[in-house]
2 protein chains.
Amino acid sequence: MSLRHGLLGLLAEGPASGYDLARRFTEVLGSIWPAQHPKIYAELGKLAGEGLVEVESEGPRRRKAYRITESGLAEVKRWLTEVDVDHTMRLQPLLRSLFFWLMDAEDLQKHLAAEAGFYSKLAEQYRQYAAAKDRGDYGYSPQTQSLRVTVEAGIRLYTALADWAEWAQTVPPAKPSTD
Amino acid sequence: MSLRHGLLGLLAEGPASGYDLARRFTEVLGSIWPAQHPKIYAELGKLAGEGLVEVESEGPRRRKAYRITESGLAEVKRWLTEVDVDHTMRLQPLLRSLFFWLMDAEDLQKHLAAEAGFYSKLAEQYRQYAAAKDRGDYGYSPQTQSLRVTVEAGIRLYTALADWAEWAQTVPPAKPSTD
DNA sequence: TTAGGACATGTACCTTGGGACATATCTGAG
DNA sequence: CTCAGATATGTCCCAAGGTACATGTCCTAA
């Protein structure tokens, strides 16, 4: 049930349409909290029904912008401070790593190299955003400060995974004979 | 659809019952690929229906141990080498971090301290397992070697998150006036 | 002027995951 | 002997996520 709070949080920055929110979810949140537009529109409808958001304006092309209400804002804040954090991490790459012993050495090296490349690239993207932010490119609003903190987590996580994939390539294959 | 392959991978190490597998999923995989027993039993039933696993033996207390079949083994290997890795990462703590600007400074510090503690603890647990493995406590089978690699990822990820949460506590609150 | 493409919203369906609940079987402590 | 607790398997339902598909609106370039 975090999509709900994700939407409320984004709307706390200012009014936005489902389309805007979907774009933000794919651009900014793509790698940490994916969400598709059908779910976003549906959830916005529910939130409006519960009075947590309201239609701010209707624009061209049937565009409907939503604004967060007082109770919506209270709800995000309640979630942030009172609801337990869900630390679930469902990482397929790590699940796969448990089964590396089933792969032959060549496939494994290829796999790890590809993974390392993938993570390095992402880490680099986040690093560039962070550099731009630190140069002042995006101003110093509280919102961008928080985004900067999130980006830092992205940098550290993806760097850690990239380093791990590099390291894993250096782990010698097992010696089944000694077991 | 990774539960399926997670089960096949674990069964590739040797026969096990649904109960055994559920335990392994909560113990070893708890933080990287959670799975509840109802889903595991259901999936084992499907896998048996498709001939990817078969009942190896029936024991006391209605215990049914499953063994992976040739085609089951082929299927895990196919998955490992031919199917694209799903890099989806759904991290609620990072989603929350986007909205830190909505929290007051005191709540945020408390939150970050708790997060740092949580991740440090997990990292430490993984570090201890790694140390035991490196001492040779679990032998040198290919399976435990792979587990060691997975554990290394856990160490690095949780350490990165712990460091991040520590670092975030030092980030000065935003200056809304300058924006 | 008309067709393609971006903008914008939605419905329908299917799969996956989580939680509640039910039940059978065996062991060991008192 | 009996009852608590661990072992072991399962059903059922709901919530959440993903994909495919459908539709309407506006702009712009050929």
Side-chain angles (χ1 to χ4, degrees), chain A residues 1-8 10-11 15-27 29-50 53 55-66 79 83-92 95, chain B residues 1-8 10-11 15-27 29-50 53-66 79 83-84 86-92 95:
Chain A
M1 271 286 253
S2 296
L3 172 59
R4 174 181 210 81
H5 296 103
L7 292 172
L8 287 173
L10 290 180
L11 285 172
S17 69
Y19 191 80
D20 297 335
L21 293 164
R23 251 193 304 111
R24 294 206 57 187
F25 263 94
T26 52
E27 284 168 11
L29 292 166
S31 50
I32 61 159
W33 203 270
Q36 284 68 37
H37 76 264
K39 287 295 146 186
I40 291 172
Y41 289 118
E43 194 61 43
L44 282 173
K46 277 189 218 165
L47 288 170
E50 295 170 35
V53 303
V55 175
E56 182 235 9
S57 64
E58 311 215 4
R61 297 171 193 183
R62 304 167 62 207
R63 175 194 175 84
K64 261 189 296 181
Y66 290 88
W79 178 69
V83 178
D84 283 345
V85 179
D86 178 358
H87 291 103
T88 306
M89 228 188 234
R90 200 177 279 277
L91 299 178
Q92 204 197 70
L95 179 63
Chain B
M1 273 285 254
S2 296
L3 172 58
R4 172 179 211 84
H5 296 103
L7 291 171
L8 288 174
L10 290 180
L11 286 172
S17 69
Y19 191 80
D20 297 335
L21 294 165
R23 250 193 305 111
R24 296 204 57 187
F25 263 95
T26 52
E27 284 167 12
L29 293 166
S31 49
I32 61 159
W33 202 269
Q36 283 69 36
H37 75 266
K39 286 296 147 188
I40 290 173
Y41 289 118
E43 194 62 41
L44 282 172
K46 276 189 219 165
L47 288 169
E50 296 170 36
V53 303
E54 59 194 12
V55 175
E56 183 235 10
S57 65
E58 310 215 2
R61 296 172 194 185
R62 304 168 64 206
R63 175 194 176 86
K64 262 188 296 182
Y66 290 89
W79 177 67
V83 178
D84 283 344
D86 178 358
H87 291 103
T88 306
M89 224 186 237
R90 199 178 280 278
L91 299 178
Q92 204 198 69
L95 178 64

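Convention: sequence-line order gives letters A, B, ...; per-chain numbering from 1. Predicted model only: the values in this text are computed from it and were never measured.
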Provide, to the nearest angstrom, the distance between the CG atom belonging to A:Leu7 and the P atom belonging to D:dG17. 11 Å
Name each donor-acceptor pair under 3.5 Å that joins a side chain in residues 39-50 of chain A to protein atoms two or more places apart or in another chain, with its distance.
{"residue": "A:Tyr41", "atom": "OH", "partner": "A:Tyr19", "partner atom": "N", "Å": "3.4"}
{"residue": "A:Glu43", "atom": "OE2", "partner": "A:Arg4", "partner atom": "NH1", "Å": "2.5"}
{"residue": "A:Glu50", "atom": "OE1", "partner": "A:Arg4", "partner atom": "NH2", "Å": "2.3"}
{"residue": "A:Glu50", "atom": "OE2", "partner": "A:Arg4", "partner atom": "NH2", "Å": "2.8"}

Outermost contacting nts on DNA chain C, any atom under 4.0 Å from chain A heavy atoms, listed 5' then 3', are C:dC7 to C:dG18
What is the distance from CZ of A:Arg62 to P of D:dC26, rounded to the nearest Å? 10 Å
A:Lys64 NZ to D:dG24 P, straight-line distance once rounded to whole Å: 16 Å
Any donor and acceptor pair, going by atom type alone, linking the side chain of A:Ser2 with main-chain N or O of A:His5 inside 3.5 Å? no
Report the residue (B:Lys46 or A:Ala42) whose heavy-atom-nearest nucleotide on DNA chain C is the more 5′ of the two. A:Ala42
Please list, by residue number, the residues of residues 16-24 of chain A whose heavy atoms come closer than 4.0 Å to an atom of DNA chain C; answer none if no residue qualifies. A:Ser17, A:Gly18, A:Tyr19
For D:dG18 and A:Gln36 - does any side-chain N or O of the residue sit under 4.0 Å from the phosphate oxygens OP1/OP2? yes
For B:Pro60, report the nucleic acid contact type (base, sugar-phosphate, nothing); a contact means any heavy atom under 4.0 Å. sugar-phosphate
Heavy-atom closest contact (A:Thr26 atom, A:Ala35 atom, distance): CG2-O, 4.5 Å
Separation of D:dG18 C1' from B:Asp86 CG (nearest whole Å): 11 Å
Which heavy-atom pair separates A:Phe25 from A:Trp33 by the least distance, and what is that distance? CD2-O, 3.2 Å
Give the minimum heavy-atom separation between A:Ile32 and B:Leu95, together with the two atoms involved. CD1-N, 4.0 Å
Strictly below 4.0 Å, N to O, side chains only: are A:Arg90 and B:Asp86 in salt-bridge contact? no
Got a second to check how far A:Glu58's CD is from A:Ser17's OG, nearest 0.5 Å? 11.5 Å
Could you say whether B:Thr88 or B:His37 is positioned toward the 5' end of DNA chain D, judged by the nucleotide with the nearest heavy atom to each? B:His37
Using whole Å, what does the distance between atom C1' of nucleotide D:dG17 and atom CD of B:Gln92 come to? 15 Å
Contact between A:Val85 and B:Gln92 at the side-chain level, heavy atoms closer than 4.5 Å - yes or no? yes
Taking for A:Ala65 and for A:Lys39 the nucleotide of DNA chain C with the nearest heavy atom, the one nearer the 5' end belongs to A:Ala65
Between CZ of A:Arg4 and P of D:dG17 the distance, given in whole Å, is 12 Å
Please give, in whole Å, the distance from D:dG24 C1' to A:Arg61 CZ? 11 Å
What is the distance, to the nearest angstrom, from the CD atom on B:Glu43 to the P atom on D:dT11? 14 Å
Side-chain N,O (B:Arg90) to OP1/OP2 (D:dG17) below 4.0 Å: yes
How far apart are the closest heavy atoms of B:Pro34 and A:Met89, and which atoms are they? CD-O, 4.2 Å
